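To start, the structure itself, in structure tokens.
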Amino acid sequence: LQEKQSYRTSFHFQPPRNWLNDPNGPMWYRGVYHLFYQYNPYGALFGDFMIWAHSVSYDLINWIHLNHALCPTEPYDINSCWSGSATILPGKGPVILYTGIDANQCQVQNMAMPKNLSDPFLEEWIKFAQNPIMTPPDGVEGNNFRDPTTAWLSHDGKWNVIIGSWNNNQGMAILYQSEDFFNWTKYQDPLYSTERTGMWECPDFYPVSVNSTYGVDTSVLNAGVKHVMKASFNSHDYYMIGTYVPEMEKYIPDNDFTGTGMDLRYDHGKFYASKTFFDSVKNRRILWGWVNESDSIEDDMDKGWSGLQSIPRRIWLDRSGKQLVQWPIEEINKLHGKKVTFLDKKIDSESIFEVQGITAAQADVEVVFELPELQEAEFLNLTAVDPQLLCSDANASIKGRLGPFGLLTLATKDLTEQTAIFFRIFKGLKGYVVLMCSDQSRSALRDEVDKTAYGAFIDIDPQRENISLRSLIDHSIIESFGGEGRACITNRVYPKLAIHEEAHLFIFNNGTLSVTISSLNAWSMNKAQINHKENFI
Ligand code: FRU
């Protein structure tokens, strides 16, 4: 049992037991952060009685699990309460829109409000008497109509919301409008649709400031913002950046989805069904994502739980305007314990050194690499290469010139087990190419786990900027942020030996050229406080 439970995390959000998936309705309201999430109260696998579990926090790090907010009780949600979002109605308080699986197994949209607005935790929710408020429109099948977004107020004072769908061989965001938030009418055309994706799950639609890293409220619409449209399909969260034209009810992306590896993604590893919210206390937009298991169903049942939420990430538009940037919320630093630091340390070709003195199974590490021999990088003939393919073709043991170099996380002393997060730098046709990879091939002395390699290009010029990497390591999850958050890779790994005190952290350089660590800061992480009610199931 000790070994099985060694995969539970210390500072990631997870319930005491059972299955978790999508984050639902995240919000800040009157001093309290709320996170609802898809939960199966009856087991460690996805089920046919999915509910909205509910937790609250003052800092997004330490949590209290409350009684469940929404459970199947009515004909319009009797077979599950699926994903949805919260909207705070000015002067009136929060409202939840969620998908119910009705008595005919059809997906419909429902509404719920807090029973008592003066309860600081908003523990009890009342379903609206006139549910459902939206049913699948003509032509849309009952299993392709779900996951309402946070609603926004448009130029004409109407509320707008989008629902994920698949219709006529197109993935789409179906648009609904309302004057009073109760009566909703479908707009004639979807806000966006495309033949190049699958069914859109958990869409998200929000403005980002053009000139600032601050977030803005979901209804903000002016010349200082661009709009992000995100959809979940093919196991990833893809997004576009573009312009929202409310007068035409159209979204015009700078670059449409192509259905290829070139599309923008929040994370190149495991991260799905995410959702953002605007945090009005700190004026930032925060992203939560579901990170599922990658061991076997038997393992999930054995350990009695499945699924994590990512560390909440602040999200904003990059200076280039071409992509989003993500960074763990600053509150995570409150958990920093013992710290070790290195400055100006040369890592010779084919060498390795251990970062000692911290709890390597529960750590935060931030390292910045300088590349004194950049001009010697090898040439990469880059015409439409998929970064993930480059990473699976050459794992961390394959020598190059400039790279692979990076971290060996959750490693045994003798390196039999190790998960590498690393870079390779190439000279491309139009300047340098920075590749970030994760290599799970030696993550566990076990066969029945998924050991896929993940990869991403980072849009930086190493002549002008050093290459940075931050990894949050938490027993069975590693969340990595490359190039100051311009590329993210999340891994789930299940070491057999590299657990607790047997886990080590190394820096390695397997290239023939040397690299220099200009700085490294690594911290032991303390455990987040997660409490739950006696009767939590
Ligand atoms: C995404 C999803 C949603 C759905 C929910 C059910 O992971 O499939 O589309 O509402 O999970 O739990």
Side-chain angles (χ1 to χ4, degrees), residues 13-15 18-26 35-54 68-72 76-86 96-102 105-112 131-136 140-150 161-167 171-174 176 197-205 229-239 265-267 269-276 287-294 300 305-310 490 492:
F13 181 95
Q14 64 183 134
N18 296 332
W19 166 278
L20 151 161
N21 58 296
D22 315 356
N24 291 156
L35 177 68
F36 305 85
Y37 56 95
Q38 288 287 285
Y39 181 67
N40 176 6
Y42 299 122
L45 306 180
F46 186 75
D48 54 13
F49 187 89
M50 296 300 293
I51 66 143
W52 276 47
H54 183 195
H68 303 322
L70 299 172
C71 294
Y76 53 77
D77 66 9
I78 196 71
N79 283 307
S80 276
C81 298
W82 277 15
S83 286
S85 308
I96 283 172
L97 296 178
Y98 71 99
T99 299
I101 307 298
D102 77 6
Q105 296 293 341
C106 179
Q107 296 169 3
V108 299
Q109 313 317 322
N110 301 318
M111 187 157 63
N131 280 339
I133 51 170
M134 299 167 208
T135 54
V140 172
E141 287 178 28
N143 59 348
N144 288 331
F145 183 61
R146 60 180 179 273
D147 308 341
T149 59
T150 295
V161 73
I162 57 178
I163 317 289
S165 189
W166 169 258
N167 187 19
M172 62 177 71
I174 300 184
Y176 278 81
T197 71
M199 156 77 197
W200 279 29
E201 296 191 304
C202 300
D204 198 4
F205 184 63
M229 175 86 83
K230 177 283 256 185
S232 304
F233 50 86
N234 300 344
S235 308
H236 293 290
D237 278 14
Y238 294 94
Y239 68 91
R265 285 189 209 173
Y266 280 161
D267 193 298
K270 302 195 79 132
F271 188 90
Y272 195 71
S274 66
K275 196 176 291 301
T276 62
L287 170 70
W288 282 100
W290 167 41
V291 184
N292 71 354
E293 301 302 306
S294 46
D300 290 350
W305 61 272
S306 187
L308 301 174
Q309 300 296 346
S310 67
T490 297
R492 292 302 309 279

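Side chains included, hydrogens not; waters and symmetry mates left out as well; all remaining heavy atoms used. In each ligand, atom 1 is the first atom listed, and ligand 1 is the first ligand listed. Everything numeric in this text was worked out from a predicted model, so none of it was measured.
In the vicinity of Trp290, heavy-atom distances shorter than 4.0 Å reach the ligand 1 atoms 7 (O). Numbered from 1 in the order shown, with element, the atoms of ligand 1 that lie under 4.0 Å from a heavy atom of Ser83 read 5 (C), 10 (O). If you number the atoms of ligand 1 from 1 as listed, the ones under 4.0 Å from a heavy atom of Trp82 come out as 4 (C), 6 (C), 10 (O).
An N or O contact shorter than 3.5 Å links Asn21 to ligand 1 by distance.
Residues Lys275 and Asn24 have side chains that never bring a donor and an acceptor to within less than 3.5 angstrom of each other.
Tyr37 and Phe13 have their aromatic ring centers within a separation under 6.0 angstrom.
Within the model, atoms CD of Gln107 and CD of Gln109 stand 8.0 Å from one another, a figure rounded to the nearest 0.5 Å. Between atom CG of residue Asn131 and atom OH of residue Tyr76 there is a gap of 4.5 Å, rounded to the nearest 0.5 Å.
Closest heavy-atom approach to atom 2 (C) of ligand 1 within the set Thr99, Asn144, Asp22, Asn292: this belongs to Asp22.
For atom 8 (O) of ligand 1, the nearest protein heavy atom (residue, atom name, distance) is Glu201 OE2, 2.8 Å. When only non-hydrogen protein atoms are considered, atom 10 (O) of ligand 1 lies nearest to Asp147 OD1, 2.6 Å. Nearest protein neighbour of atom 12 (O) of ligand 1, counting heavy atoms only, is Gln38 OE1, 2.6 Å.
A parallel orientation is assigned to the rings of Phe233 and Trp200, their planes being inclined by less than 30° (bins at 30° and 60°).
When the shell of 6.0 Å around CG of Asn143 is examined, it contains more than 12 heavy atoms from other residues, nucleotides or ligands.
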